[in-house]
Amino acid sequence: MHTTITTFFVFLVLISATDAFTKQNQYLNLANQFLAPQNAARSTLRMKPLVWDPRLARYAQGYANQRRNDCALKHSKGPYGENIFWGSGDEWTPAQAVTAWVSERKWYNYWSNSCAGNEQCGHYTQIVWRSTSRVGCARVTCSRGKGVFITCNYDPPGNYIGERPY
């Protein structure tokens with residue numbers, strides 16, 4: 001009887017540990033989906049990689065949760081730099097959102113420190129902002145089929161008018 005109880009207890013501990021490891025691994029995998037393409041963009045400029053910040057990720061998740069009902073492309077107006085993304089359907093991945101932001105590189109002209117024509121490039125410049133060192137991001141599937149909302153928050157923030165990102 002004692003051996004059975006001990007075996008059962010060990011089994012429960014292993015299941016709990018496996019579940020905790022799986023959840024932590026999923027969290028790290030999600031963080032890496034956001035980090036890898038951003039750090040690849042920074043690497044091409046020989047910049048230090050961004051570090052995942054759980055505090056920023058909580059901030060991003062809190063704001064993403066607020067956008068869950070309307071999926072509106074509105075900034076949080078918080079104290080951090082911020083990139084936001086919306087996509088229709090529910091299949092959008094963190095890497096796809098970051099790739100869309102990084103693709104704005106083609107519109108950024110370093111010498112004039114501006115975007116070409118009426119194009120956007122501020123998502124890209126936030127990612128490669130020289131003094132930014134930490135990032136936290138979140139993704140939500142919006143209610144009633146309104147799409148996917150993804151946000152990343154950066155600290156220290158960037159995109160100051162008149163300053164070059166790097």
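What you see below is based on every heavy atom in this structure, not just the backbone, and it leaves out hydrogens, waters and symmetry mates. Note that the coordinates shown come from a computational prediction; the quantities given were computed from them, not determined experimentally.
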Legend entry - Results of ring pair (Phe, Tyr, Trp, His ring centres under 6.0 Å) for F85 - residues two or more places apart only: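 Expected list: W92.
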Inset, instruction - Using ring pair (Phe, Tyr, Trp, His ring centres under 6.0 Å) as the criterion, list what pairs up with Y80, not counting sequence neighbours. - result: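 Once residues adjacent in sequence are excluded, the partners of Y80 under the ring pair (Phe, Tyr, Trp, His ring centres under 6.0 Å) criterion are Y59.
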Legend entry - Side-chain donor or acceptor of W86 paired with backbone N/O of K146 under 3.5 Å: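 Yes.
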Legend entry - Under 3.5 Å donor-acceptor, R42 side chain and W129 backbone: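 Between the backbone of W129 and the side chain of R42 there is a qualifying donor-acceptor contact (under 3.5 Å).
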Legend entry - Residue pair P94 / L30, side-chain heavy-atom distance below 4.5 Å: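 When only atoms from C-beta onward are counted, L30 and P94 do touch, with a gap below 4.5 Å.
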Inset, instruction - Just do the side chain to side chain contact (heavy atoms under 4.5 Å, CB included) check on K74 and Y63 with the steps written out, would you? - result: CA-CA 10 Å; K74 294 180 183 175; Y63 185 64; 3.7 Å; yes
Inset, instruction - Could you tell me which non-hydrogen atom of S131 sits nearest to which non-hydrogen atom of P157, and how far apart they are? - result: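 Nearest pair, atom of S131 first, then P157: OG-O, 4.4 Å.
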Inset, instruction - Could you tell me which non-hydrogen atom of N113 sits nearest to which non-hydrogen atom of P165, and how far apart they are? - result: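 So the two residues come closest at OD1-CD, 3.6 Å.
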[X]: what forms a side chain to side chain donor-acceptor pair (under 3.5 Å) with it, not counting sequence neighbours?
{"X": "T93", "value": "Q96"}
{"X": "D90", "value": "none"}
{"X": "Q66", "value": "none"}
{"X": "T141", "value": "R139"}

Inset, instruction - Return the orientation label for the H123 and W101 ring planes: parallel under 30°, perpendicular over 60°, tilted otherwise. - result: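 The arrangement is parallel - the two ring planes meet at less than 30°.
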Distance in Å, [X] [atom1] paired with [Y] [atom2], rounded so as to fall on 0.5 Å steps:
{"X": "S143", "Y": "R67", "atom1": "OG", "atom2": "CZ", "value": "11.0 Å"}
{"X": "T151", "Y": "I84", "atom1": "OG1", "atom2": "CD1", "value": "6.5 Å"}
{"X": "Q126", "Y": "C152", "atom1": "CD", "atom2": "SG", "value": "10.0 Å"}
{"X": "Q38", "Y": "T132", "atom1": "CD", "atom2": "OG1", "value": "10.0 Å"}

Legend entry - Full working for side chain to side chain contact (heavy atoms under 4.5 Å, CB included) between N39 and M47: CA-CA 8 Å; N39 284 335; M47 300 178 79; over 6 Å; no
Inset, instruction - Kindly determine whether L50 and F34 satisfy side chain to side chain contact (heavy atoms under 4.5 Å, CB included), including the steps that lead there. - result: CA-CA 10 Å; L50 296 172; F34 283 109; over 6 Å; no
Legend entry - side chain to side chain contact (heavy atoms under 4.5 Å, CB included) evaluation trace for T44 with R105: CA-CA 11 Å; T44 63; R105 178 182 185 188; 3.8 Å; yes
Legend entry - Charged tip of R164 within 45° of Y110 ring normal and under 6.0 Å: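 The answer is yes; both the distance and angle limits are met.
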Tell me, please, which residues at least two apart from [X] pass side-chain contact (heavy atoms from CB on, under 4.5 Å).
{"X": "E119", "answer": "W107"}
{"X": "V102", "answer": "A41, V98, I127"}
{"X": "T99", "answer": "none"}

Legend entry - Residue pairs involving residues 40-114 (criterion disulfide (SG to SG under 2.5 Å); sequence neighbours excluded):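 Found C71-C142.
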Inset, instruction - Determine which pairs satisfy disulfide (SG to SG under 2.5 Å) with at least one residue from residues 96-128, sequence neighbours left out, and list them in order. - result: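 Sorted result for residues 96-128: C115-C121.
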Legend entry - Residues in salt bridge (charged side-chain N to carboxylate O under 4.0 Å, His left out) contact with R55, at least two apart in sequence or another chain: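 Testing R55 for salt bridge (charged side-chain N to carboxylate O under 4.0 Å, His left out), a comparison that skips the adjacent residues, returns D53, D155.
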